[in-house]
Amino acid sequence: MRHLHHHHQLAPAQVRARSPAHADQPSQMQAQMPGGGMQYQPVHTHDHAHPHEHHHHDTLQVPGRDTHTLQLEAQILGRNQRIAERNRGWLAGRGILALNLMSSPGAGKTTLLERTLKDLQATMSIAVVEGDQETANDAKRIRATGARAVQVNTGTGCHLEADMLERAMTLLKPEPRSLLLIENVGNLVCPALFDLGERAKVVIFSVTEGEDKPLKYPHMFGAAEVMLLSKIDLMPHLRFRLDLAINNAHTVNPKLKIFPVSAYTGEGLDAWYDWLRTGLSACASVNAMHAMP
């Protein structure tokens, strides 16, 4: 029997991509970690006694991409979307503002999160889902601020998926009318393609990355509602043109809200915080309307 395994670098995707003949095999992909985190690890649940094909994330460049491959990708995205919609309904019903924070590695996501938590925790309830391939380092940094956080390790995976957020929320139990910040795996490609059920995607783009980054990764900047242009305190030491970077971002996404910020000096953060307060208030208001008789 010929079947196909879709690795996609994510363990849950591998489980979902198994052929119906393997549907009754138990998944060993997720393991509970000390401190409330989760680990996803790639496994094979068959004995390789029959011919099969391994589908990696780059199948567009390799022979063997056929109708079957496309069908599996559609199934993966379709299942993810269904779970994302379930997450969205659960969050909306509780008035929780969930934001999916995405960036390339080193853009300053975790530092911005730490600063945001320190500045806003006294006035609003905030919980954090941390996504990384390995280690629980970022969750430790977030917990050091006093915030509740769950670490999700994706193993070889390059992004979070909706079922990972669903399980993380089961552990985290974010409070009604609170802010849920989801730090995705550092990557400007895959995270843009997977809906987690969040209210909005926020892309963090640092001034050390070059003004043309939005043009190089248009899907990421096109999917985002907000762009935090981070590390602006470093601009005196760089040849970075702020106006050109903003123009490039708006070329890709004219509706993109852009906040130049520095987590180090605090410059620009008030506008970001105002946007968070407005969004949380809107979510809570919708929730209150649903609660009315």
Side-chain angles (χ1 to χ4, degrees), residues 95-132 137-149 174-175 177-184 186 188 191 198-211 213-214 220-221 223-238 240-250 253 255-284:
I96 298 171
L97 174 61
L99 301 175
N100 185 358
L101 308 182
M102 305 173 295
S103 79
S104 57
K109 285 196 305 298
T110 309
T111 301
L112 263 170
L113 268 174
E114 289 176 307
R115 179 69 189 253
T116 299
L117 289 164
K118 289 174 182 174
D119 290 346
L120 297 185
Q121 275 191 116
T123 58
M124 65 176 70
S125 174
I126 311 176
V128 178
V129 176
E130 280 287 344
D132 256 326
N137 293 345
D138 288 349
K140 290 177 182 175
R141 288 173 59 181
I142 296 302
R143 292 189 189 110
T145 69
R148 293 184 304 118
E175 296 179 6
R177 295 175 294 283
S178 65
L179 178 62
L180 177 63
L181 298 175
I182 307 156
E183 182 175 355
N184 216 315
L188 281 179
E198 72 274 2
R199 161 61 185 76
K201 289 180 170 63
V202 176
V203 61
I204 292 93
F205 164 36
S206 75
V207 299
T208 58
E209 297 180 66
E211 301 95 339
K213 191 58 71 71
M220 172 61 68
F221 290 84
E225 185 170 326
V226 170
M227 181 180 95
L228 298 177
L229 188 53
S230 65
K231 303 184 182 181
I232 59 172
D233 54 287
L234 297 178
M235 286 186 58
H237 310 287
L238 303 170
F240 186 86
R241 283 185 53 191
L242 185 66
D243 60 334
L244 180 57
I246 291 175
N247 184 66
N248 287 340
H250 278 153
N253 182 356
K255 295 182 179 179
L256 192 63
K257 298 178 182 66
I258 299 176
F259 302 122
V261 298
S262 167
Y264 179 68
T265 66
E267 184 178 357
L269 289 176
D270 285 343
W272 162 236
Y273 296 160
D274 286 344
W275 187 84
L276 290 175
R277 293 188 188 96
T278 300
L280 182 56
S281 177
C283 284

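Everything quoted here is computed from the prediction, not taken from an experiment.
Using modelled atom types and a 3.5 Å distance limit, the side chains of R177 and S125 yield no donor-acceptor pair.
Using a 4.0 Å cut-off between charged side-chain N and carboxylate O, E225 and R199 make a salt bridge.
The distance from atom CD1 of I142 to atom CG of L181, rounded to the nearest 0.5 Å, is 8.5 Å. In this structure, NZ on K201 lies 14.0 Å from CZ on F221, to the nearest 0.5 angstrom. Taking OG1 of T110 as the start and CZ of R115 as the end, the distance is 15.5 Å to the nearest 0.5 Å. Atoms CG and CG, on N253 and N248 in that order, are 13.0 Å from each other to the nearest 0.5 Å. From L280, atom CG reaches atom OG1 of T123 across 9.0 Å, with rounding to the nearest 0.5 Å. Taking CG of L101 as the reference point, atom CD of E130 lies at 9.0 Å (rounded to 0.5 Å).
Residues L179 and L99 have side chains in contact (heavy-atom distance under 4.5 Å, counting atoms from C-beta outward). Residues H250 and I258 meet the side-chain proximity criterion, which asks for heavy atoms closer than 4.5 Å. Put simply, the side chain of I232 does not reach to within 4.5 Å of the side chain of T265, judged on heavy atoms. Looking at R148 and E175, their side chains come closer than 4.5 Å, going by heavy atoms from C-beta outward. L229 is listed as a side-chain neighbour of F240, based on a closest heavy-atom distance under 4.5 Å. When side chains are defined from C-beta on, T111 counts as touching R141, because their heavy atoms get closer than 4.5 Å.
Taking the six-membered ring where tryptophan is involved, the planes of W272 and F259 are tilted, since the angle between them lies from 30° to 60°.
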Steps toward side chain to side chain contact (heavy atoms under 4.5 Å, CB included) verdict (S103, E209): CA-CA 11 Å; S103 79; E209 297 180 66; 5.8 Å; no
Side chain to side chain contact (heavy atoms under 4.5 Å, CB included) assessment of V203 paired with L188: CA-CA 9 Å; V203 61; L188 281 179; 4.2 Å; yes
Chi angles and distances behind the side chain to side chain contact (heavy atoms under 4.5 Å, CB included) call for K257, V226: CA-CA 5 Å; K257 298 178 182 66; V226 170; 4.2 Å; yes
Side chain to side chain contact (heavy atoms under 4.5 Å, CB included) between L276 and T116, worked out: CA-CA 10 Å; L276 290 175; T116 299; 4.0 Å; yes
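Minimum interatomic distance between A245 and P214 (heavy atoms only, all atoms of both residues): O-CG, 4.3 Å. Considering all non-hydrogen atoms of both residues, M102 and M220 come closest at CE-SD, 3.3 Å. Considering every non-hydrogen atom in both S230 and L112, the closest pair reads CB-CD1, 4.1 Å. When all heavy atoms of K109 and S104 are compared, the closest pair comes out as NZ-O, 4.2 Å. Nearest heavy atoms, L256 versus A224: CD1-O, 3.4 Å. Smallest separation of non-hydrogen atoms from A139 and A149: O-CB, 4.3 Å.
Panel note: side chain N100, backbone N184; no donor-acceptor pair is recorded below 3.5 Å. At distances below 3.5 Å, at least one donor-acceptor pair connects side-chain atoms of E211 with backbone N or O atoms of R241. No donor-acceptor pair closer than 3.5 Å links the side chain of S281 to the backbone N or O of R277.
For the side chain to side chain contact (heavy atoms under 4.5 Å, CB included) with L113, the qualifying choice from D138, V128, I204 is V128, the only one to do so.
For CD of E267, the number of neighbouring non-hydrogen atoms (other residues, nucleotides, ligands) closer than 6.0 Å is 12 at most.
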